[in-house]
Amino acid sequence: MGLLDAILGRSKPVRPDLDQLFSLPSAAITVQAGAGFTPTGNGSVCFASVEGGAFDRLQQEVRDLLDADTGRGGTPVEYTKDAYGYTWLLVHHPADDTASLVNDLHAVNTLLQDAGFGPQLLCSLVGFRATSDHRALALVYLYKRGTFYPVCIRPGQEKRDNALELQVAALLKNDLRIEEDLSRWFPVWGAPGMEG
């Protein structure tokens with residue numbers, strides 16, 4: 001960052017640190033103990049698709065890598081598009097195996113980044129469900145910011161529980177790098193991985 005950037009108030013963007021994802025298994029324990037949310041075993045990666053053969057081949061490579069255990073009872077990954085045209089890759093694991101889920105999410109992010117598609121990556125999330133009232137919670141990793149934030153959706157509604165989100169963020173401040181700019185806590189309505 002140069003002197004002119006400092007004078008004009010510009011800052012360097014935070015470099016993504018995908019290894020931050022490996023903090024999620026311990027954060028899952030904290031969320032379960034402190035807020036009563038259990039992992040669902042679902043997680044997803046959101047990215048902007050690119051037209052072309054190289055990107056199509058990379059998507060197939062990701063599918064082949066993550067579907068390698070389907071012959072032994074694993075669940076195949078799913079690709080979906082949302083209403084905004086973004087692609088979501090949904091990964092399923094047993095609810096008690098957050099570490100394997102995170103490994104898969106990390107692998108997807110790393111493959112896309114290493115193939116030069118890092119700018120297309122938007123976020124990754126890991127889903128949770130309240131044991132008492134079935135509220136959905138996700139811990140969302142913002143790729144371009146290198147930070148996390150919680151998003152809690154009330155069952156059957158497009159309403160967030162902001163108080164609970166702030167409570168969970170405070171609970172996780174020692175486990176995850178929490179996004180400080182609350183305007184970047186996007187709701188991710190209907191995101192694959194939020195459902196139980």
Side-chain angles (χ1 to χ4, degrees), residues 1 5-6 8-40 42-48 82-90 98 101-102 105-106 108-109 112-113 118-196:
M1 186 165 89
D5 290 328
L8 296 174
R10 292 183 277 196
S11 62
K12 271 188 172 176
V14 176
R15 186 164 167 78
D17 180 6
L18 292 176
D19 288 346
Q20 291 292 317
L21 290 169
F22 292 123
S23 302
L24 283 168
S26 66
I29 294 168
T30 302
V31 168
Q32 190 166 0
F37 282 83
T38 57
T40 62
N42 295 329
S44 56
V45 176
C46 180
F47 52 92
D82 66 17
Y84 304 102
Y86 293 107
T87 300
W88 290 83
L89 178 130
L90 178 62
T98 307
L101 176 65
V102 168
L105 298 177
H106 185 274
V108 172
N109 280 279
L112 286 166
Q113 178 179 272
Q120 277 67 39
L121 283 165
L122 299 175
C123 67
S124 297
L125 65 83
V126 172
F128 294 82
R129 179 74 56 208
T131 51
S132 59
D133 60 6
H134 304 291
R135 284 176 293 172
L137 172 78
L139 297 180
V140 181
Y141 176 74
L142 292 171
Y143 176 81
K144 290 174 177 59
R145 305 276 296 174
T147 56
F148 292 88
Y149 69 93
V151 62
C152 182
I153 309 294
R154 296 182 183 191
Q157 306 174 42
E158 277 199 359
K159 287 189 176 180
R160 294 170 65 182
D161 188 336
N162 299 110
L164 181 62
E165 290 173 1
L166 292 171
Q167 176 191 346
V168 170
L171 192 65
L172 293 172
K173 67 182 179 192
N174 294 325
D175 292 290
L176 301 174
R177 187 183 300 159
I178 298 296
E179 174 58 51
E180 294 178 8
D181 182 354
L182 299 184
S183 70
R184 295 190 181 272
W185 289 25
F186 306 110
V188 295
W189 304 123
M194 288 283 295
E195 315 81 42

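Nothing fancy with the numbering, it's 1 onward along the sequence. Every value quoted in this text rests on a predicted model; they were computed, and no experiment measured them.
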Would you say the side chains of Thr30 and Asp175 form a donor-acceptor pair under 3.5 Å? yes
What heavy-atom pair brings Val168 and Pro150 nearest, and what distance separates the two atoms? CG1-CB, 3.8 Å
Thr147 pairs by side-chain contact (heavy atoms from CB on, under 4.5 Å) with which of Gln20, Arg177, Arg184, Glu180? Arg177
Non-hydrogen side-chain atoms of Gln113 and Leu18 separated by less than 4.5 Å: yes
Do the non-hydrogen side-chain atoms of Leu166 and Trp185 ever get within less than 4.5 Å of each other? yes
Test your reading of the model: is there a side-chain donor-acceptor pair from Thr40 to the backbone of Gly127, 3.5 Å cut-off? yes
Would you say Phe148 and Leu172 make side-chain contact, with heavy atoms under 4.5 Å? no
Quick one: closest heavy-atom pair of Phe37 and Ala130, and the distance? CD2-N, 3.3 Å
To the nearest 0.5 Å, how far apart are CD in Glu179 and OH in Tyr141? 11.0 Å
Do the non-hydrogen side-chain atoms of Thr87 and Gln120 ever get within less than 4.5 Å of each other? no
Of all heavy-atom pairs linking Pro192 and Leu90, the shortest is C-CD1, 3.8 Å
Ignoring hydrogens and angles, tell me if any N or O in the side chain of Lys144 forms a donor-acceptor pair with the backbone of Leu122 under 3.5 Å. no
Please report the shortest heavy-atom distance between Phe47 and Leu89, naming the atom on each side. CE2-CB, 4.3 Å
Compare every heavy atom of Glu165 with every heavy atom of Cys152, then report the nearest pair and how far apart it is. N-OE2, 2.9 Å
To the closest 0.5 Å, what do you measure between CD1 (Ile178) and NZ (Lys173)? 10.5 Å
Please round to the nearest 0.5 Å and tell me the distance separating atom CG of Asn42 and atom CG of Leu101. 7.5 Å
About how many Å separate OG of Ser124 and CG of Asn109, when rounded to the nearest 0.5 Å? 3.5 Å
Non-hydrogen atoms of Gly118 and Tyr143 that approach each other most closely: O-CE2, 3.2 Å
Test of understanding: with side-chain contact (heavy atoms from CB on, under 4.5 Å), list the residues that count as partners of Gln167, not counting sequence neighbours. Leu164
Got Leu142 and Tyr149 here, is their nearest side-chain heavy-atom distance under 4.5 Å? yes
Would you indicate whether the side-chain heavy atoms of Val151 and Leu137 approach each other to under 4.5 Å? no
So Trp189 and Arg160, do their side chains get closer than 4.5 Å, heavy atoms only? yes
Would you compute the distance between atom OG of Ser44 and atom CG of Asp82 and round it to the nearest 0.5 angstrom? 10.5 Å
Less than 4.5 Å apart, any side-chain heavy atom of Ile153 and any of Arg135? no
